[in-house]
Amino acid sequence: MHRPVLLVIAHGSRDPRHAATVDALVRRVRAMRPGVRVETGFLDFNAPSVPQVLDRLALEGARDVVALPLLLTRAFHAKADIPAVLDRAPARLDIRLADVLGPSPLLLATLERRLYEAGLSPADKSSTGLVLASAGSTDPEAIAVIAEIARELRHTGWCAVRPAFASAALPRTEDAVRDLRALGVRRVAVAPYVIAPGFLPDRIARGAADADVLSEVLGSAPELARLLLRRYDESKSRTRPPALTA
């Protein structure tokens, strides 16, 4: 049975840890689904670019492609940048655009995995305040999604949860930590809600200086790899995005 190529579209970064993390995640996806060809393209900073991958796939005779944004929320890159790049793809390619990764229970499972790896346990939840630290966005929809995830996490047993943002929105990580301290929370943990290391995750880490626990980025966790494949499978009912108008 013919399976579409899975093209993972990552943002890209000048920080080499970013591309290395994306590569590790994609390798895990390949191992989980060996019958699917998985490629990576970057929007900026890293190679290969998305157009380069699409051109190569067309030259090699590929026909069906699922383009999967390696993004946690639907903000500018998901709504504008990626559709614009795909609209300029070779005409022979039939491209279906998958949903962004979030929100998803698998992302929350990844987040908690990282917190437990940082030294917490499920028994610590009731005495721990959590800062959900995301990259940030000017898109109200993306900000609302982060706020809703924080509310969902609060219902899983953490004594308090505060969203925070590394850019474009407030509060910053250090302000959320300070707010939880002011509430008298016994222990404060910061959980970066970002996929790969880079400039903004480093800013989150600096803002977590007064926290008790700082977990790692989501990275190449198995739950995240399963989520990529879930979005790939769901994309079968989606179609190529329409051409953008000026």
Side-chain angles (χ1 to χ4, degrees), residues 1-102 104 107 135 194-201 217-222 224-244:
M1 179 180 175
H2 171 73
R3 293 185 176 94
V5 176
L6 171 55
L7 172 58
V8 177
I9 301 179
H11 183 276
S13 170
R14 293 185 179 91
D15 189 322
R17 295 174 299 168
H18 176 93
T21 301
V22 172
D23 180 63
L25 176 60
V26 168
R27 281 190 276 110
R28 189 183 287 274
V29 171
R30 289 190 184 114
M32 287 182 173
R33 193 76 63 88
V36 173
R37 178 176 177 180
V38 186
E39 299 286 344
T40 307
F42 294 91
L43 292 174
D44 206 353
F45 302 118
N46 301 107
S49 68
V50 176
Q52 287 171 335
V53 177
L54 293 172
D55 288 345
R56 173 163 51 83
L57 290 173
L59 286 172
E60 293 175 358
R63 175 65 181 171
D64 297 319
V65 177
V66 170
L68 196 162
L70 197 62
L71 300 170
L72 299 178
T73 60
R74 274 183 48 79
F76 182 79
H77 293 304
K79 294 178 178 179
D81 282 351
I82 291 176
V85 170
L86 298 182
D87 192 56
R88 298 191 296 271
R92 68 165 286 115
L93 295 177
D94 183 8
I95 302 177
R96 284 171 285 175
L97 180 59
D99 282 329
V100 297
L101 300 178
S104 168
L107 286 174
V194 292
I195 294 173
F199 176 76
L200 293 179
V217 298
L218 303 180
S220 59
L224 190 57
R226 288 202 296 271
L227 179 56
L228 265 67
L229 289 170
R230 179 175 295 180
R231 293 290 183 257
Y232 171 79
D233 293 335
E234 292 169 348
S235 71
K236 294 175 183 177
S237 63
R238 300 178 68 84
T239 58
R240 181 172 178 162
L244 299 181

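Every heavy atom of this structure was used, including side-chain atoms; hydrogens, water molecules and symmetry mates were not.
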Give the minimum heavy-atom separation between P222 and R28, together with the two atoms involved.
-> CA-CD, 3.6 Å
Closest heavy-atom pair and its distance - L68, Y232 = CD1-N, 4.0 Å
Would you give the length of the straight line joining atom CZ of R30 to atom CG of L6, rounded to the nearest 0.5 angstrom?
-> 9.0 Å
For the atom pair CG (L25) and CG (L218), what is the distance rounded to the nearest 0.5 Å?
-> 10.0 Å
Minimum heavy-atom distance between L86 and A67, given as atom pair plus value = CD1-CB, 3.7 Å
Show me, pair by pair, the donor-acceptor contacts under 3.5 angstrom made by side chains of residues 53-62, not counting sequence neighbours?
| residue | atom | partner | partner atom | Å |
| --- | --- | --- | --- | --- |
| R56 | NH2 | E39 | OE1 | 3.4 |
| E60 | OE1 | R37 | NH1 | 3.0 |
| E60 | OE1 | R37 | NH2 | 2.7 |

Without swapping roles, check the side chain of R17 against the backbone of P197 for a donor-acceptor pair under 3.5 Å.
-> no
Any side-chain heavy-atom pair of L200 and V194 under 4.5 Å = no
Heavy-atom distance under 4.5 Å between the side chains of L224 and L107, does that happen here?
-> yes
Taking C-beta and beyond as the side chain, do L228 and V38 meet within less than 4.5 Å on heavy atoms?
-> no
Are D15 and F199 close enough that some pair of their side-chain heavy atoms sits under 4.5 Å apart?
-> no
Answer whether the closest heavy-atom distance between the side chains of I195 and L101 falls below 4.5 Å.
-> yes
Heavy atoms of G41 and L7 approach each other most closely as N-CD1, 3.7 Å
Qualifying residues under side chain to side chain contact (heavy atoms under 4.5 Å, CB included), relative to P69, sequence neighbours excluded | L71, I82, L97, V100
Return the minimal non-hydrogen interatomic distance between A196 and P201, and the atom names on each side.
-> O-CG, 3.3 Å
For the student: nearest non-hydrogen atoms of I95 and A89, plus distance | CD1-CB, 3.5 Å
Kindly assign one of parallel, tilted or perpendicular to the pair H18 and H11, based on the angle between their ring planes and the thresholds 30° and 60°.
-> perpendicular
